[in-house]
Asker: 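Below are the structure tokens for one structure; questions will follow.
Bear in mind the structure is a predicted one, so any value in this text is a computation, not a measurement. Quick note: residue numbers are just sequence positions, from 1.
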Amino acid sequence: MIEDNVAIRLKGFMDEMGLTNSQFADQCGIPRPSLSQILTGRNKKISDVIVGQIHTAFPRLSVLWLLFGEGEMLMPLPNEEQSEDGLPNLFSEQPKNSPRESDFDKYSTLAALNEGQNIASSRMNNGIQADLKNSELQREIEKMRKNPRKVVQITVYYDDSTFETFYPGK
């Protein structure tokens with residue numbers, strides 16, 4: 001089911017970020033029980049409000065990837081300087097359109113060519129790691145599709161202290 005896939009991708013993102021369920025819920029402003037119900041499959045639907053809260057807390061997380069599995073998990077933010085950990089540097093004192101002096105020096109030497117190759121290979125390795133993570137998530141999704149859970153019994157309790165049990169398919 002698509003909803004199960006969202007839960008698996010959400011778990012994958014949390015693992016990638018190194019967050020526990022509680023930390024993730026707190027950062028997004030989602031009630032912890034609601035997140036738990038989504039991750040365990042008890043709530044089969046994820047509301048647009050929760051998706052919005054997740055996107056607000058983690059703008060680099062691709063909503064298309066989260067909901068449909070399309071594209072990359074993390075997206076770079078446009079026109080923002082990136083820090084060492086890959087997150088945007090929001091407190092940069094440098095204006096966005098003016099290059100720093102060291103940029104001119106750095107790119108005017110032969111060393112810049114080697115640095116470019118290192119950056120390219122680093123990005124390639126990150127892409128390979130992301131592909132491996134996606135393939136692991138896809139295998140987990142396929143396992144869930146092969147072994148779907150089935151309802152075997154429904155018990156209804158009434159306010160007069162009686163109950164009835166129903167067995168689907170009988």
Asker: Looking only at heavy atoms, which two atoms of L66 and V6 are closest? And how far apart?
Answerer: O-CG2, 3.6 Å
Asker: Can you tell me how far the CZ atom of F163 sits from the OG1 atom of T155, to the nearest 0.5 Å?
Answerer: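 The CZ atom of F163 sits 7.0 Å away from the OG1 atom of T155.
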Asker: Rounded to the nearest 0.5 Å, what's the gap from CZ on R139 to CG on N134? Could you check?
Answerer: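 With rounding to 0.5 Å, CZ (R139) is 11.0 Å from CG (N134).
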Asker: Return the minimal non-hydrogen interatomic distance between L19 and Q23, and the atom names on each side.
Answerer: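 Between these two residues, the closest heavy atoms are CA-OE1, 3.4 Å.
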Asker: Is there a path from V151 to V156 through hydrophobic residues (I, L, V, M, F, W, Y) whose side chains come within less than 4.5 Å of each other?
Answerer: yes
Asker: Assess whether side-chain hydrogen bond (donor to acceptor under 3.5 Å, both in side chains) is satisfied between Y157 and E164, documenting all intermediate values.
Answerer: CA-CA 7 Å; Y157 296 92; E164 287 183 81; over 6 Å; no
Asker: Which atom names give the shortest non-hydrogen contact between T165 and Q153, and what distance separates them?
Answerer: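 For T165 and Q153, the tightest heavy-atom pair comes out as CG2-CG, 3.5 Å.
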Asker: Taking it one step at a time, do M14 and L39 satisfy side-chain contact (heavy atoms from CB on, under 4.5 Å)?
Answerer: CA-CA 11 Å; M14 290 168 44; L39 294 177; 4.0 Å; yes
Asker: Any heavy-atom pair between the side chains of L74 and F13 that's under 4.5 Å?
Answerer: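 Result yes, sub-4.5 Å side-chain heavy-atom pair found.
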Asker: Hey, could you give me the CG/NE2 distance between D48 and H55, rounded to the nearest 0.5 Å?
Answerer: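 It comes to 13.5 Å.
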Asker: Nearest 0.5 Å please: distance from the CE atom of M73 over to the CD atom of E16.
Answerer: 5.0 Å
Asker: For I141 versus R9, what's the shortest heavy-atom pair and its separation?
Answerer: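 What the structure gives for the nearest pair is CD1-NH1, 4.1 Å.
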Asker: Give the minimum heavy-atom separation between S62 and E72, together with the two atoms involved.
Answerer: CB-O, 3.2 Å
Asker: State whether the side chain of Q53 and the backbone N or O of G29 hold a donor-acceptor pair below 3.5 Å, judged by distance alone.
Answerer: yes
Asker: Quick check: closest heavy atoms across V152 and Y167, and the distance to 0.1 Å?
Answerer: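 Looks like O-CD2, 3.5 Å.
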Asker: Taking only residues at least two apart or on different chains, which pairs with a member in residues 19-40 satisfy ring-ring contact (aromatic ring centres under 6.0 Å, His included)?
Answerer: F24-F58
Asker: List the steps, then state whether side-chain contact (heavy atoms from CB on, under 4.5 Å) holds for L61 with M75.
Answerer: CA-CA 6 Å; L61 175 63; M75 298 176 51; over 6 Å; no
Asker: Could you grab the distance from atom CG of L35 to atom OG of S22, nearest 0.5 Å is fine?
Answerer: 8.5 Å
Asker: So, taking the atom named CD in E142 and the one named CG in L137, what distance separates them when rounded to the nearest 0.5 Å?
Answerer: 12.0 Å
Asker: Would a distance-only check, ignoring hydrogens and angles, find a side-chain to backbone donor-acceptor pair under 3.5 Å from T56 to G52?
Answerer: yes
Asker: Side chain of S34, backbone of I30: donor and acceptor closer than 3.5 Å?
Answerer: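 No, S34 side chain to I30 backbone: no donor-acceptor pair under 3.5 Å.
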Asker: Would you mind reporting whether I50 and S47 have side-chain heavy atoms less than 4.5 Å apart?
Answerer: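 S47 reaches I50 side chain to side chain.
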Asker: Any heavy-atom pair between the side chains of N21 and K11 that's under 4.5 Å?
Answerer: no
